[in-house]
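What follows is one structure encoded as structure tokens, with my remarks underneath.
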Amino acid sequence: MLNPQKTDIKSLSLEELTSMMKNFNQPQFRVKQVVQWLYGKGARSFDEMSNLSLALRNTLKENFSLSFPELVQKQISKDGTRKYLLKLEDDVTVETVGMPNENNTKLSVCISTQAGCRVRCAFCATGQNGFTRNLSIGEIVDQVRVAGEDFGIRPSSVVVMGQGEGFLNYDNMMSALRFINSEDGLGIGARHITISTAGMIVGIDKLAQEPEQFTLAISLHSAIQETRDQLMPGVAGFNLTRLKASIDNYIAQTSRRPSYEYALIKGLNDSDKHLDALVSYTEGTLAHVNLIELNEIDESDFKPASHARALEFKRRLERAGVECTIRNSRGSDIDAACGQLKQRYEQDN
């Protein structure tokens, strides 16, 4: 266990690292070197930072701690997906998923920004676990490194679609994504980094003003207000008309194409009425719709809609000029849905 009196250096943003080095009377290039060690090389101790002077390394050790998550469980799916349960320094656990392509040359990593979630989506295991805390900058970045090291390949894309609502941990999430994007960090292109939100309008509006070209995905799940409020009680106060206006503003400000995530749930949001509403909501926009075939959760009453129904949704959306993809849930034979592995681990321990 690290000294609780010391600040974890990986909780600092780039601006805070810069200020810290200035306070230590260090030249600017030292900031670059420290970032490279922390994120580009994944150093586990200050002693590894061989191009820093011994005096500076000792100063860092005296003033900061340096953490790295412990891998406590890993599940491997027959489709190659790997689900990780990571234990943080305060024994809080969080999930990460590594998703390789068919020939294992590319790796997408799904990361969490919070331990637990306040949005409480009815079909999501994370919501059933409640909310614990926000993750620090380093705790977010390190999830990508864990997956990359386990697969032995450099991650090529990151999706912020794991546990939590990233826009409720906005500053830490954005600082982490900048380290993931930075050439001194993980060097993953901004357009290969996707931020998913349950529809936090303030967060969408802030993201529209950011210089980075991160991609935006909105968890929609229904274009009928009553159904969406039932499925996503944590964002029931966000009117769909206001949400659409915010997304239209995002498109106007950034010229980037957002996507809508729509998990098809049997008997709940897969009717013709819901399809008509979805077509009306997305028609004439730049948005792309990802239809998700739901991962089943043992303790949940929600069941995935049929593949035939997904095909009908896709056909109707494309006929209306809306780009659409059916996204198969990865890792269906393991606890791959958000919160499942954490929930099972805590039940067993």
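Here the structure is a predicted model, which is why all the values come from computation and not from measurement.
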Is the NZ atom of Lys41 crowded by more than 12 outside heavy atoms at less than 6.0 Å?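 Enclosed.
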So, [X] and [Y]: side-chain donor and acceptor under 3.5 Å apart, yes or no?
X      : Y      : answer
Ser67  : Asp8   : yes
Ser108 : Ser157 : yes
Gln225 : Asp229 : yes
Glu165 : Thr113 : no
Asn169 : Asp171 : no

Between [X] and [Y] (salt bridge meaning N to carboxylate O under 4.0 Å), is one present in this structure?
X      : Y      : value
Lys244 : Asp248 : yes
Arg133 : Glu139 : yes
Glu261 : Arg327 : yes

Applying side-chain hydrogen bond (donor to acceptor under 3.5 Å, both in side chains) as the test, list every pair that has at least one member in residues 275-284; sequence neighbours left out.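 Residue pairs passing side-chain hydrogen bond (donor to acceptor under 3.5 Å, both in side chains), neighbours aside: Asp276-Arg316.
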[Y] reachable from [X] in the ILVMFWY side-chain graph, under 4.5 Å edges:
X      : Y      : answer
Phe214 : Val202 : no
Phe131 : Leu85  : no
Leu71  : Ile153 : yes
Ile224 : Ile292 : no

Set of residues satisfying ring pair (Phe, Tyr, Trp, His ring centres under 6.0 Å) with respect to Phe313, sequence neighbours excluded: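 Listed in chain order: Tyr262.
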Locate the shortest heavy-atom distance separating [X] from [Y]; write the atom from each residue and the value.
X      : Y      : result
Phe46  : Arg57  : O-CD, 3.2 Å
Ser175 : Ile137 : CB-CD1, 3.5 Å
Leu86  : Pro69  : CB-CB, 4.0 Å
Val160 : Ile195 : CB-CA, 4.0 Å
Thr197 : Met200 : OG1-N, 3.1 Å
Ile247 : Pro258 : CG2-CG, 3.9 Å

For a 4.5 angstrom cut-off between non-hydrogen side-chain atoms, does [X] reach [Y]?
X      : Y      : value
Thr93  : Leu88  : no
Thr325 : Val289 : no
Asn249 : Ile204 : no
Met20  : Ile9   : yes
Leu135 : Gln143 : yes

Can a donor-acceptor pair be found, under 3.5 Å and without considering hydrogens, that links the side chain of [X] to the backbone of [Y]?
X      : Y      : answer
Asn63  : Thr59  : yes
Asn269 : Ala263 : yes
Thr18  : Leu14  : yes
Arg309 : Asp270 : yes

Just to verify, which of Thr132, Asn134, Asn172 counts as forming a side-chain hydrogen bond (donor to acceptor under 3.5 Å, both in side chains) with Gln114?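 Going through Thr132, Asn134, Asn172 one by one, the side-chain hydrogen bond (donor to acceptor under 3.5 Å, both in side chains) with Gln114 is satisfied by Asn134 alone.
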Kindly indicate, with the supporting measurements, whether the criterion salt bridge (Lys or Arg N to Asp or Glu O under 4.0 Å) is fulfilled by Lys314 and Glu318. CA-CA 6 Å; Lys314 185 175 189 292; Glu318 290 180 340; 2.7 Å; yes
Just to verify, what does [X] make a salt bridge (charged side-chain N to carboxylate O under 4.0 Å, His left out) with, not counting sequence neighbours?
X      : value
Arg44  : Glu149
Lys106 : none
Glu212 : Arg178
Asp47  : Lys61

What residue among Lys74, Lys83, Arg82 forms salt bridge (charged side-chain N to carboxylate O under 4.0 Å, His left out) with Glu95?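 For Glu95, the salt bridge (charged side-chain N to carboxylate O under 4.0 Å, His left out) test succeeds with only one of Lys74, Lys83, Arg82, which is Lys83.
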Not counting sequence neighbours, list each pair that qualifies as a ring-ring contact (aromatic ring centres under 6.0 Å, His included) and has a residue in residues 237-259.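 Counting only pairs at least two positions apart or across chains, no ring-ring contact (aromatic ring centres under 6.0 Å, His included) contact touches residues 237-259.
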Would you mind listing every ring-ring contact (aromatic ring centres under 6.0 Å, His included) that reaches into residues 164-202, with sequence neighbours excluded?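 Applying ring-ring contact (aromatic ring centres under 6.0 Å, His included) to every pair that reaches into residues 164-202, excluding sequence neighbours, yields Tyr39-Phe179, Phe167-Tyr170.
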Quick one: side-chain contact (heavy atoms from CB on, under 4.5 Å) partners of [X], sequence neighbours excluded?
X      : result
Asn51  : Gln33, Trp37
His307 : Glu293, Leu311, Ile326
Arg315 : Glu312, Arg319
Asp184 : Lys32, Val35, Gln36, Ser182

Between Gln163 and Cys117, is the side chain to side chain contact (heavy atoms under 4.5 Å, CB included) condition met? List the steps. CA-CA 6 Å; Gln163 292 174 285; Cys117 186; 5.9 Å; no
Hey, do the aromatic rings of His221 and Tyr260 have their centres closer than 6.0 Å?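 Aromatic pair excluded; centres sit 6.0 Å or further apart.
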Given Ile218, Leu207, Ile201, Thr241, the one that forms side chain to side chain contact (heavy atoms under 4.5 Å, CB included) with Ser246: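 Among Ile218, Leu207, Ile201, Thr241, the one meeting side chain to side chain contact (heavy atoms under 4.5 Å, CB included) with Ser246 is Ile201.
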